[in-house]
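Okay, so here's the structure we're looking at.
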2 protein chains.
Amino acid sequence: MGASKLDIYTDDISEIAEIAKVFAHPARVAILKYISSQESCICNDIVVEIGLSQPTISQHLQVINKVGLLKGNFKGKSICYCLDVERFQQFQTLLNTFFNTTKATCC
Amino acid sequence: MGASKLDIYTDDISEIAEIAKVFAHPARVAILKYISSQESCICNDIVVEIGLSQPTISQHLQVINKVGLLKGNFKGKSICYCLDVERFQQFQTLLNTFFNTTKATCC
DNA sequence: TTGTATTATTGCAATATTACGATGTTAAAA
DNA sequence: TTTTAACATCGTAATATTGCAATAATACAA
């Protein structure tokens, strides 16, 4: 009864789900797109750009950060949030592997 | 104040989030992998294979179906659930476009 | 028509996510 | 040191998701 039952899946399946979850909210997709397009990563701009409150943006950034997609300086003033391109490409590769190994053989 | 605020994003951003949401639960990833590997799509096998109840599997299948990833016979006995490969590849392309157009330019 | 097998739907409980106001923290400027 | 700017964290409310038991619907066989 209820949610979660996450220990019954293989590691690669769980990994795909974990990755997808990051992109499963438009705010996070928008944040990723925005920080990747900015030369200077002034962070409060994200709040203005997206149109959500600062705590909410901060929360979404934490989700993005938790999977290792952020790089830069994270403490104090003049913080720089940047996309970790290597990790990002790793995600792309993992998802493509999932897609390429999932091909229908019936119907 | 709570959830949802989904009307403030551009269409392409919302689309990526919608697609990702389907893969954001391991049960659905497992279902997709399983039905794609089976020659005959006997559906109750999914229940046995994944280890969740029949209503829960049915619910996940509905989510997968809603985005057009399923093909086949959907009513009555001996139902055949199959992956819509074209739609699946379309998702892959859309996600790759997102990845390829999101490249960091700072840090 | 009456079973029977198979999937869908409903109703409900548990948990997770999303969002924001209030407040705390941090580092640099004044 | 005090102020200030920029984020993080906490607490809380609203909503969404997940999961299953019970039940309904469907199609085929007998």
Side-chain angles (χ1 to χ4, degrees), chain A residues 1-9 13-14 17-31 34-35 38 40-67 70-82, chain B residues 1-9 13-14 17-31 34-35 38 40-67 70-82:
Chain A
M1 331 89 178
S4 81
K5 210 173 186 189
L6 303 173
D7 48 344
I8 62 173
Y9 306 102
I13 285 177
S14 298
E18 287 298 315
I19 291 173
K21 210 169 276 184
V22 179
F23 305 111
H25 195 284
R28 290 193 286 271
V29 177
I31 289 171
Y34 182 70
I35 66 173
Q38 293 301 102
S40 64
C41 309
I42 297 164
C43 190
N44 205 8
D45 292 354
I46 301 175
V47 175
V48 178
E49 173 74 14
I50 310 287
L52 295 172
S53 73
Q54 180 267 316
T56 302
I57 294 293
S58 188
Q59 205 169 267
H60 281 302
L61 280 168
Q62 203 174 44
V63 174
I64 298 172
N65 188 40
K66 212 168 258 173
V67 294
L70 291 183
K71 231 171 71 177
N73 174 24
F74 292 112
K75 302 239 160 168
K77 213 175 163 184
S78 67
I79 290 182
C80 175
Y81 276 120
C82 292
Chain B
M1 327 92 182
S4 82
K5 212 174 185 188
L6 304 173
D7 48 343
I8 61 173
Y9 306 101
I13 285 177
S14 298
E18 288 298 315
I19 291 173
K21 210 169 276 184
V22 179
F23 306 110
H25 194 285
R28 290 193 287 271
V29 177
I31 289 172
Y34 183 71
I35 66 173
Q38 293 301 102
S40 64
C41 310
I42 297 162
C43 191
N44 205 9
D45 291 354
I46 302 175
V47 175
V48 178
E49 173 75 14
I50 311 286
L52 295 172
S53 74
Q54 180 268 319
T56 302
I57 295 293
S58 187
Q59 205 168 266
H60 280 302
L61 280 168
Q62 205 174 44
V63 173
I64 297 171
N65 189 40
K66 212 168 260 174
V67 296
L70 292 183
K71 230 169 74 177
N73 174 22
F74 292 110
K75 300 236 161 169
K77 213 175 164 185
S78 64
I79 291 183
C80 175
Y81 276 120
C82 292

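Within every chain, numbering begins at 1; the chains are lettered A, B, ... in the order of the sequence lines, protein sequences first and strands thereafter. Computed from a predicted model, the values in this text were never measured in an experiment.
Computed from coordinates, the Phe23(B) CZ to dT17(D) C1' distance equals 18 Å when rounded to whole Å. Atom CG of Asp45(B) and atom P of dA5(C) are 15 Å apart (whole Å). If you take CD1 of Ile64(A) and P of dA8(D), they are 11 Å apart, rounded to a whole angstrom. For the pair Leu61(A) CG and dC20(C) P, the computed distance is 14 Å after rounding to whole Å. Going from atom CD of Glu18(B) over to atom P of dT17(D) covers 9 Å, rounded to whole Å. The NZ-P distance, from Lys21(B) to dA16(C), rounds to 18 Å in whole Å. Rounded to an integer number of Å, the gap from CD1 of Ile57(B) to C1' of dA21(D) is 16 Å.
Classification of the Tyr9(B)-His25(A) ring pair by plane angle, with boundaries at 30° and 60°, yields perpendicular.
Candidate nucleotides dT7(C), dT17(D), dT18(D) were compared by shortest atom distance to the side chain of Gln54(B), and dT7(C) ranks first. Of the candidates dA22(D), dT18(C), dG19(D), the closest approach to any side-chain atom of Pro55(B) belongs to dA22(D).
For dA19(C), the OP1/OP2 oxygens have no side-chain nitrogen or oxygen of Ser53(A) closer than 4.0 Å. OP1 or OP2 of dT9(C) has at least one side-chain nitrogen or oxygen of Gln62(B) nearer than 4.0 Å. Residue His25(B) places none of its side-chain N or O atoms closer than 4.0 Å to OP1 or OP2 of dA16(C). For the OP1/OP2 pair of dG19(D) and a distance below 4.0 Å, the side-chain nitrogens and oxygens of His60(B) include at least one atom meeting the criterion. Look at Thr56(B) and you'll find a side-chain N or O under 4.0 angstrom from OP1 or OP2 of dC20(D).
Ile31(A) pairs with exactly one of Leu52(A), Val63(A), Ile64(A) by the side-chain contact (heavy atoms from CB on, under 4.5 Å) rule, that one being Ile64(A).
Residues Tyr34(A) and Asp45(A) have side chains in contact (heavy-atom distance under 4.5 Å, counting atoms from C-beta outward).
Note: Phe23(B) CZ to Ile19(A) CD1 = 12.5 Å, rounded to the nearest 0.5 Å.
The closest donor-acceptor contact from the side chain of Arg28(A) to the backbone of Lys21(A) lies under 3.5 Å.
In this structure, the helix from dT1(C)-dA30(D) to dA30(C)-dT1(D) shows an angle of 10° between the axis at its start and the axis at its end, each fitted on 5 base pairs and rounded to 10°.
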### Query
Does the side chain to side chain contact (heavy atoms under 4.5 Å, CB included) test come out yes or no for Leu70(A) and Ile35(A), once each step is laid out?
CA-CA 10 Å; Leu70(A) 291 183; Ile35(A) 66 173; 3.6 Å; yes
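Between Ala24(B) and Ser58(A), the residue whose closest nucleotide on DNA chain D is further toward the 5' end is Ser58(A).
Counting non-hydrogen atoms under 4.0 angstrom, Gln59(B) reaches a base of the nucleic acid. Backbone-only contact: Leu52(B) has heavy atoms under 4.0 Å from sugar-phosphate atoms and none from a base.
Counting all heavy atoms, side chain and backbone alike, Ile13(A) lies closest to Pro26(B) at CG2-O, 3.4 Å.
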